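Working notes for the structure below.
Both ligands and their constituent atoms are indexed starting at 1 by order of listing. Note that these values count all heavy atoms, side chains included, but never hydrogens, waters or copies made by symmetry. All figures in this text were calculated on a predicted structure; none of them were measured in a lab.
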Amino acid sequence: MDGNGRWAKRRLLPRIAGHRQGVESLRRCIRACAQRGVRALTVFAFSSENWNRPEDEVSGLMDLLAKALAREVAELQRGGIRLLFIGERRGLPARLRQGLAEAEAATAQGAGMVLNVCFNYGGRWDIAQAAARVAASGEPVTEIALDRAMALSHVPDPDLLIRTGGEQRISNFLLWQCAYSELFFSDRLWPDFDEAALDEALAAFVARERRFGKTSEQVARPSA
Ligand code: IPE
Ligand code: MG
């Protein structure tokens, strides 16, 4: 979800105003995805590297998450959405950690869409923590064992990965899981990413041929 800062700057507003608008955009996107039958939505809210931002922006983002939780959990419950936080909990303020655990518990029965919010997350962190867990278990280090130990093992690998804000890079998002994801880069800043922009990404996804290493003939006729 990239582009909040630039959205604010264009309006001569402080960066945190862009992040606040980013929360609104996320609400809209969650609703739109649920309506379109998306089973799992994973968003990148705060990266392992975002700690390097100015202190007031970091604390502003923590604050924004705590406030959004207090406001939105009931709505997620009503929508049958199961909320999970993915990332390193240690290092987050204790009160926020408790808020995350409470929000997860409150939505645990949600049988509709799964919403993974990656917070204090990095793709490399996930691979390393999975490797450490497999090593500690004494199990052989295989792709299957690592896959099971990854923080997102409860959902399939993403079919579609969307990055907003015009940048064409992965920036330490789902490094392990995006091996065969279709990538879609949107020039829209995240606060401007609306239903029409989502539908544009979904239409592009539907038009792609996914071969997973096979030939075009094989995927057209699965027996070939
Ligand atoms: C949001 O956008 C990403 C977060 C870390 C919350 P940015 O804050 O990176 O926005 P730009 O790239 O400065 O526009
Ligand atoms: Mg950015």
Taking both backbone and side chain into account, is any N, O or S atom of Asp2 nearer than 2.8 Å to the Mg ion (ligand 2)?
yes
Pairs of nitrogen or oxygen atoms closer than 3.5 Å, one from [X] and one from ligand 1: do any exist?
X     : value
Trp7  : no
Asn50 : no
Gly5  : yes

If the cut-off is 4.0 Å to any non-hydrogen atom of [X], which atoms of ligand 1 fall inside it?
X     : value
Met1  : 1 (C), 2 (O), 3 (C)
His19 : 1 (C), 6 (C), 8 (O)
Arg53 : 5 (C), 7 (P), 8 (O), 9 (O)

Given the side-chain rings of Phe119 and Phe46, with only the six-membered ring counted for Trp, is the space between their centroids under 6.0 Å?
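Yes: the rings meet the under 6.0 Å criterion.
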When you compare the side chains of Arg124 and Ser48, does any donor N or O come within less than 3.5 Å of an acceptor on the partner?
no
How long is the straight-line distance from CG of Asn116 back to OG1 of Thr42, given to the nearest 0.5 Å?
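These two atoms lie 3.5 Å from each other.
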What class does the angle between the rings of Tyr121 and Phe44 fall in, given that below 30° is parallel, 30 to 60° is tilted and above 60° is perpendicular?
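Perpendicular: the ring planes of Tyr121 and Phe44 meet at over 60°.
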Heavy atoms only: give me the nearest Ala106-Gln77 pair and the separation to one decimal.
O-NE2, 2.8 Å
